[in-house]
Trainee: 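My structure is below; once you've seen it, I'll send some questions.
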Amino acid sequence: MAAASISMLSNGDLTCSVKSHGTGRYASVYSEVQNSRLDHPLPLPCVLGTPFKVLDGPASSAAGHPEEIAKLFPCLYGQPSVSLVPDDSGDVAMNQSLKIGVVLSGGQAPGGHNVISGIFDYLQTHCKGSTVYGFRGGPAGIMKGKYVVLTPEFIYPYRNQGGFDMICSGRDKIETPEQFKQAEETVKKLDLDGLVVIGGDDSNTNACLLAENFRSKNMKTRVIGCPKTIDGDLKSKEVPVSFGFDTACKIYAEMIGNVMIDARSTGKYYHFVRLMGRSASHITLECALQTHPNITLIGEEVFAKKLTLKNVADYIADVVCKRAESGYNYGVILIPEGLIDFIPEVQQLIAELNEILAHDVVDEAGVWKKKLTPQCIELFDLLPLAIQEQLLLERDPHGNVQVAKIETEKMLIQMVETELDQRKQKGAYSAQFKGQSHFFGYEGRCGLPSNFDSTYCYALGYGAGALLQSGKTGLISSVGNLAAPVEEWTVGGTALTALMDVERRHGKFKPVIKKAMVELEGAPFKKFASNREEWALNNRYINPGPIQFVGPVANKVNHTLLLELGVDA
Ligand code: FBP
């Protein structure tokens, strides 16, 4: 597909003269690699290339508290998940034009643009004359009615490109009755047949609430979700992985591999690398499987073993001392962003601080501090000043501590230094310890999507188009059998209510899609655990290098997904 608005500069760079509607901004000049990705072919699972029908599965239940979910979603609860199967008679009405809105919600994840391309291409092929509206800036775009009409020329420069800048994203939630009303007004004004919400667990919960709301009012607008988040914690049996995880991990693994070679080359630093992943430690675990660092902390394990901060620092110091005996005074340590939230004593501190910050102002007088329990005051005072300040920062819109802003890696360096000094005084350690801190987070969220993410996202979007055309609502687009060649991937939709449980908040049940945490009995963790001692004491570093788009490893999928699918990666 070529767009007249794309032109080549004399140096081979691509310039996109497509105006980004509404902002008056022009898309940037592309590098040769970006340029080469524009026409990267996107194969589809066979079922999407043939006439198909949508097959209903058995009635669904919920991930937990089905009676409560049934009360919260009276229209949608129990509806079946569906799968697309080839069928020459094709029961899906073809060529009926549709009006579809699409929104990107939450943090960026590589591949989002391809989901939109997939939806768009499906409608162009199967529902000629359709219109696709891109809501700008996330869910706020729906509430404020801010959108752009997507055209082939508008979409083309974003194919297989990272970022969410085609329509941008946001973290607003549609929660209050007024906000639901605003959303209703927008979809009515645009006469939308469907809305695709591309987001994480919170956004897909929101998508389900919207679907229920529209259905309960007999509105024609149907809502389909798509699983997005680099964190990899929106997954289930039917939704094997969220998009973006594969690319982000590969980018971080490249950076870790480089740091490893640097560490080995100078032999003088311990690199403490904190990796994004607000709650679950999937990214850290996957990066460990790709690169074999000396120490990897997994939040879920720290929690299961009820470790304290001091236990964690001691564990690192133990490995540092053992490595020193072999003459290694360097190493690489991976730390998940959400680590401190897994440490029971810190959880308690954060919970007390959340409660206090909801009502009190943090002032010099420190009146607020007296409201902490004695053990929390003790822990708070133990923490370095910078960490104390970070724990007191403003909460995110969901009321969470902004873990991305807490520099756990620096705190651990300080704590390990203190511990090693004490060991030195006792004659138990005599080497030099120098820590270097890193945070790899935003660097991985907008990279050029790997071949896997490019193809997976396109299939998710194409599948979402098919679900909407067949009149479905309250489903999350689901593409499975991912260890097989693309042609054999399965396509369908999973009932969002089937992924839900409830949480008790402010005396009321709130529906939530439970985050999928690292399973300590799961194959990825077991593989890591069986190797960690070897990786700790010997140097088994692997430097995977940059993401490859062509060549023998271009289509390699991340270890976590393969191991979870029963394939030894
Ligand atoms: P999503 O769950 O919305 O995909 O975002 C995940 C994430 O990238 C986390 O890894 C990180 O903690 C957070 O976003 C950072 O948020 P922000 O972009 O608002 O700083």
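Every number for a ligand or one of its atoms is a count from 1 in the order of the listing. Just the heavy atoms: all of them, side chains too, but no hydrogens, waters or symmetry mates, feed the values below.
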Trainee: With atoms numbered from 1 as shown, which atoms in ligand 1 lie under 4.0 angstrom from a non-hydrogen atom of Y442?
Mentor: 15 (C), 17 (P), 18 (O), 20 (O)
Trainee: As a check for students: among K515, K228, R445, identify the option with a heavy atom nearest to atom 15 (C) of ligand 1.
Mentor: R445
Trainee: Mark the output for G200 as yes if a heavy-atom distance to ligand 1 is under 4.0 Å, and as no if none is.
Mentor: no
Trainee: Examine the proximity of ligand 1 to T229 and report which part, side chain or backbone, both or neither, has a heavy atom under 4.0 Å away.
Mentor: both
Trainee: Where on Q108 is there a heavy atom closer than 4.0 Å to ligand 1, on the side chain, on the backbone, on both, or on neither?
Mentor: neither
Trainee: Would you call K310 and E345 a salt bridge, taking side-chain N to carboxylate O under 4.0 Å as the test?
Mentor: no
Trainee: Of all the atoms in ligand 1, which lie at a distance below 4.0 Å from a heavy atom belonging to G106?
Mentor: 3 (O)
Trainee: Please confirm whether G277 approaches ligand 1 to less than 4.0 Å, judged on its heavy atoms.
Mentor: yes
Trainee: Measure from the side-chain N and O atoms of N204 to the backbone N and O of G199, and report whether any donor-acceptor pair falls under 3.5 Å.
Mentor: yes
Trainee: Sequence neighbours excluded, which residues qualify as salt bridge (charged side-chain N to carboxylate O under 4.0 Å, His left out) partners of D246?
Mentor: K250
Trainee: Have Q290 and E286 got a donor and an acceptor in their side chains that come within less than 3.5 Å?
Mentor: yes
Trainee: Hey, does F525 have a side-chain heavy atom less than 4.5 Å from the side chain of E519?
Mentor: no
Trainee: Only counting residues at least two apart or in another chain, list the ones meeting ring pair (Phe, Tyr, Trp, His ring centres under 6.0 Å) with Y462.
Mentor: Y122, Y458
Trainee: Using a strict 4.0 Å cut-off to heavy atoms of G107, name the atoms of ligand 1 that fall inside it.
Mentor: 1 (P), 3 (O), 4 (O), 5 (O)
